[in-house]
Amino acid sequence: PRPILLTRHGESRDNVRGRIGGDTVLSDAGEIYAKKLANFVEKRLKSEKAASIWTSTLQRTILTASPIVGFPKIQWRALDEINAGVCDGMTYEEIKKNMPEEYESRKKDKLRYRYPRGESYLDVIQRLEPVIIELERQRAPVVVISHQAVLRALYAYFADRPLKEIPHIEHIMLAAVISLLVVILFVLLLHIYAK
Ligand code: G3H
């Protein structure tokens, strides 16, 4: 079956400082991950001439893809991380201290909470629709290198997890590759069409 491989970017400099959002380059550990991922992808997709690599438009995903050779790379703005609006560049501790009401509202309803001048998880889920349609059309494997909030939404879609679980999915580790088989996709399509 045709796999869809989902992975977060390698660790970024902002990840090291605990800052959300931003557009920093990879840390040393992040660069090591990018090389390991390239190795894995090149081995795993060796005979898959039509495979492609999809990233967001942010440096940390583009740099994670950069050591991979031999496959076309496509950048999608829709794969960019959740926009944290006025909180972009802050740590969670800073948000808690300086904007306690925002911190509490998000804690209460992480799915619907929208960062001031930014996005909610529901916004992210909505903007992913064209990506999902395009993923479903692919005949060859796709490696998606993106961000935590986005991958939670994509994973939940293909694994048929309920909406309310999405912001809390735990296993989207930095640098973990989640492989979804196309079988899941067909089951899901049947499910949608049956509704
Ligand atoms: O920078 C954003 C984070 O990757 C999203 O994580 O929704 O759990 O705060 P969070």
Side-chain angles (χ1 to χ4, degrees), residues 4-34 37 53-65 75-129 131-132 135 143-178 180:
I4 298 168
L5 304 169
L6 303 180
T7 174
R8 272 184 91 182
H9 53 84
E11 183 187 69
S12 71
R13 299 232 175 122
D14 269 349
N15 288 146
V16 177
R17 300 182 202 112
R19 303 202 171 281
I20 62 169
D23 190 15
T24 53
V25 298
L26 299 179
S27 69
D28 291 347
E31 280 179 17
I32 291 169
Y33 176 68
L37 179 69
I53 317 294
W54 298 8
T55 68
S56 73
T57 66
L58 298 167
Q59 291 197 80
R60 54 195 185 274
T61 65
I62 296 168
L63 292 170
T64 302
Q75 291 176 18
W76 287 79
R77 195 168 293 280
L79 287 174
D80 284 1
E81 181 55 303
I82 188 169
N83 180 346
V86 299
C87 295
D88 189 87
M90 293 171 82
T91 65
Y92 292 112
E93 287 68 39
E94 284 167 352
I95 299 171
K96 193 173 179 179
K97 192 164 150 246
N98 304 332
M99 308 172 86
E101 280 157 27
E102 295 299 328
Y103 187 86
E104 281 311 312
S105 322
R106 188 167 201 251
K107 213 166 115 186
K108 258 187 224 128
D109 190 353
K110 201 174 168 188
L111 178 68
R112 283 177 191 80
Y113 171 81
R114 179 181 281 145
Y115 283 107
R117 282 190 254 139
E119 291 180 300
S120 66
Y121 265 87
L122 286 179
D123 295 329
V124 171
I125 292 162
Q126 200 176 8
R127 73 155 139 100
L128 279 171
E129 204 181 296
V131 177
I132 290 170
L135 274 175
V143 181
V144 179
I145 305 174
S146 184
H147 309 265
Q148 179 160 254
V150 168
L151 292 170
R152 279 177 170 147
L154 282 181
Y155 174 77
Y157 178 82
F158 289 118
D160 206 11
R161 304 307 307 157
L163 215 54
K164 63 174 183 352
E165 267 183 24
I166 292 176
H168 308 285
I169 294 173
E170 284 293 355
H171 47 267
I172 313 286
M173 308 290 287
L174 268 175
V177 179
I178 301 166
L180 296 170

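If you're wondering where the values come from, they're calculated on a predicted model, not measured in any experiment. Atoms within each ligand, like the ligands themselves, are counted from 1 in listed order.
Closer than 4.0 angstrom to ligand 1 lie heavy atoms from I20, G21, E81, Y92, R106, K110, Y121, Q148, R152.
Taking CG of L154 as the start and CD1 of I125 as the end, the distance is 10.0 Å to the nearest 0.5 Å. Rounding to the nearest 0.5 Å places CG of L111 at 10.0 Å from CG of D123.
Between R127 and E119 there is a salt bridge, since at least one side-chain N of the basic residue sits less than 4.0 Å from a carboxylate O of the acidic one.
Around atom CG of D28, no more than 12 heavy atoms belonging to other residues, nucleotides or ligands sit under 6.0 Å away.
For the pair Y121 and K110, the minimum side-chain heavy-atom distance is below 4.5 Å.
Across all their heavy atoms, L79 and T55 have their closest contact at CD1-O, 3.5 Å.
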